[in-house]
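Comments concern the structure below.
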Amino acid sequence: ASYQAAAEIPLLIAVDEEGGTVTRVSRYKAFRESSFPSPRTLYAQGGLEAVLQAEEEKNVLLSSLGINVNLAPVCDITTNSASFMYSRSLGQDPLETGAFVAAVTEVMEKYQIGGVLKHFPGYGNNTDTHVGIAVDNRSLEELEERDLMPFQFGIDAGCDAIMVSHTFVNAMDPGYPASLSPAVHDYLRG
């Protein structure tokens, strides 16, 4: 009888290192002098070039620590400064946000860091689902023309994972939050 060794499947070691308010590694001086700024801040200072320079440094750091998945980039499009996702979003239109998502995905691929597009189908200007219920009453057409576009850019760039939000998206499924909705999952898989 011949024996064939099973292929090794690497462990996925994930972190939430978006930059800005969500930094689980760079907030500690043992790993970096200061936390990575948010993509919104970097974009305002130097455009996509500044964002990608920070992404290069971020991926080098994560790789050096054995981390191979980052729960980023944020695909959400938010225009209201009082909304939950405002500081975490890029703050640009769907095309520019999509270009950002694709470029970040490509940088992560270069360093063999898996990306996770978030928060499908997009928070928009909704409230924080960690502390309450968020309901999105926009039409499916409105979502497809705006909030879903950056996710498509990320998928086209090769990102293989997507985090689904807990928002109730009435145009897709008024009965369940997106994260628990078979209708939302079917839409995403299609």
Side-chain angles (χ1 to χ4, degrees), residues 14-27 35-45 47-48 50-52 54-55 58 69-105 107-108 114-155 157 159 161-174 176-181 184-185 187-188:
V15 70
D16 221 353
E17 188 69 32
E18 296 172 8
T21 60
V22 180
T23 54
R24 306 296 188 241
V25 174
S26 66
R27 72 171 68 177
S35 295
F36 285 105
S38 72
R40 178 183 281 272
T41 298
L42 290 167
Y43 192 90
Q45 293 172 350
L48 190 55
V51 173
L52 296 180
E55 285 300 319
K58 185 185 300 178
V69 176
N70 188 9
L71 303 174
V74 171
C75 298
D76 299 279
I77 298 173
T78 305
T79 57
N80 181 345
S81 62
S83 69
F84 166 60
M85 290 303 298
Y86 185 80
S87 67
R88 294 170 62 188
S89 69
L90 186 66
Q92 300 300 311
D93 65 38
L95 290 175
E96 191 62 29
T97 301
F100 151 76
V101 168
V104 168
T105 297
V107 170
M108 294 171 86
V116 178
L117 307 175
K118 51 193 212 186
H119 304 88
F120 188 86
Y123 266 94
N125 290 320
N126 274 302
T127 189
D128 182 356
T129 56
H130 298 96
V131 297
I133 295 173
V135 178
D136 192 329
N137 287 313
R138 293 176 292 168
S139 70
L140 184 57
E141 180 180 69
E142 200 175 348
L143 289 168
E144 289 175 339
E145 290 175 358
R146 186 169 174 77
D147 290 60
L148 297 179
M149 196 178 297
F151 292 97
Q152 189 62 58
F153 273 75
I155 292 165
C159 194
I162 299 176
M163 182 184 294
V164 180
S165 79
H166 304 303
T167 304
F168 282 82
V169 183
N170 286 337
M172 294 179 160
D173 185 347
Y176 291 97
S179 56
L180 300 175
S181 168
V184 171
H185 298 171
Y187 181 93
L188 177 56

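- Looking at every heavy atom in both residues, Leu42 comes nearest to Ala50 through O-CB, 3.5 Å.
- Under a 3.5 Å cut-off, the side chain of Glu17 and the backbone N or O of Val25 do form a donor-acceptor pair.
- Between atom CE of residue Met149 and atom OG1 of residue Thr97 there is a gap of 10.0 Å, rounded to the nearest 0.5 Å.
- Summarising the geometry of Cys159 relative to Gly115, their closest heavy-atom pair is SG-O, 3.2 Å, with the distance given to 0.1 Å.
- Closest non-hydrogen pair, Ser165 versus Ala178, comes out as O-CB, 3.4 Å.
- Using modelled atom types and a 3.5 Å distance limit, the side chains of Ser89 and Arg40 yield a donor-acceptor pair.
- A distance of 8.5 Å separates CZ in Phe120 from CG in Leu143, rounded to the nearest 0.5 Å.
- The only option from Thr167, Ile162, Leu148 that meets the side chain to side chain contact (heavy atoms under 4.5 Å, CB included) definition with Pro121 turns out to be Leu148.
- The shortest side-chain heavy-atom distance between Leu188 and Phe151 does not fall under the 4.5 Å cut-off.
- With Thr23 contributing its side chain and Ser26 its backbone, the two residues share no donor-acceptor pair below 3.5 Å.
- Side chain of Asp76 to backbone of Tyr123: a donor-acceptor contact under 3.5 angstrom is found.
- Proximity of Asn70 to Val116: side-chain heavy atoms (C-beta onward) are nowhere separated by under 4.5 Å.
- Rounded to the nearest 0.5 Å, atoms OH (Tyr43) and OG (Ser38) are 13.5 Å apart.
- Looking at heavy atoms from C-beta onward, Leu90 lies out of side-chain contact with Val74 at the 4.5 angstrom threshold.
- Here the closest heavy-atom approach between residue Pro39 and residue Val51 is recorded as O-CG2, 3.7 Å.
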Derivation and outcome, side chain to side chain contact (heavy atoms under 4.5 Å, CB included), residues Val15 and Val69 = CA-CA 6 Å; Val15 70; Val69 176; over 6 Å; no
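- Atom CG of Asn80 and atom CE of Met85 lie 13.5 Å apart (nearest 0.5 Å).
- None of Arg24, Arg27, Arg88, Lys58 except one satisfies the salt bridge (charged side-chain N to carboxylate O under 4.0 Å, His left out) rule with Glu18; the exception is Arg88.
- Distance check: Asp147 CG to Ile77 CD1 gives 5.0 Å after rounding to the nearest 0.5 Å.
- Between the OG1 atom in Thr105 and the CZ atom in Phe153 there is a gap of 11.5 Å [rounded to 0.5 Å].
- Applying the side chain to side chain donor-acceptor pair (under 3.5 Å) rule to Gln92 yields no partners; only residues at least two apart in sequence or on another chain are considered.
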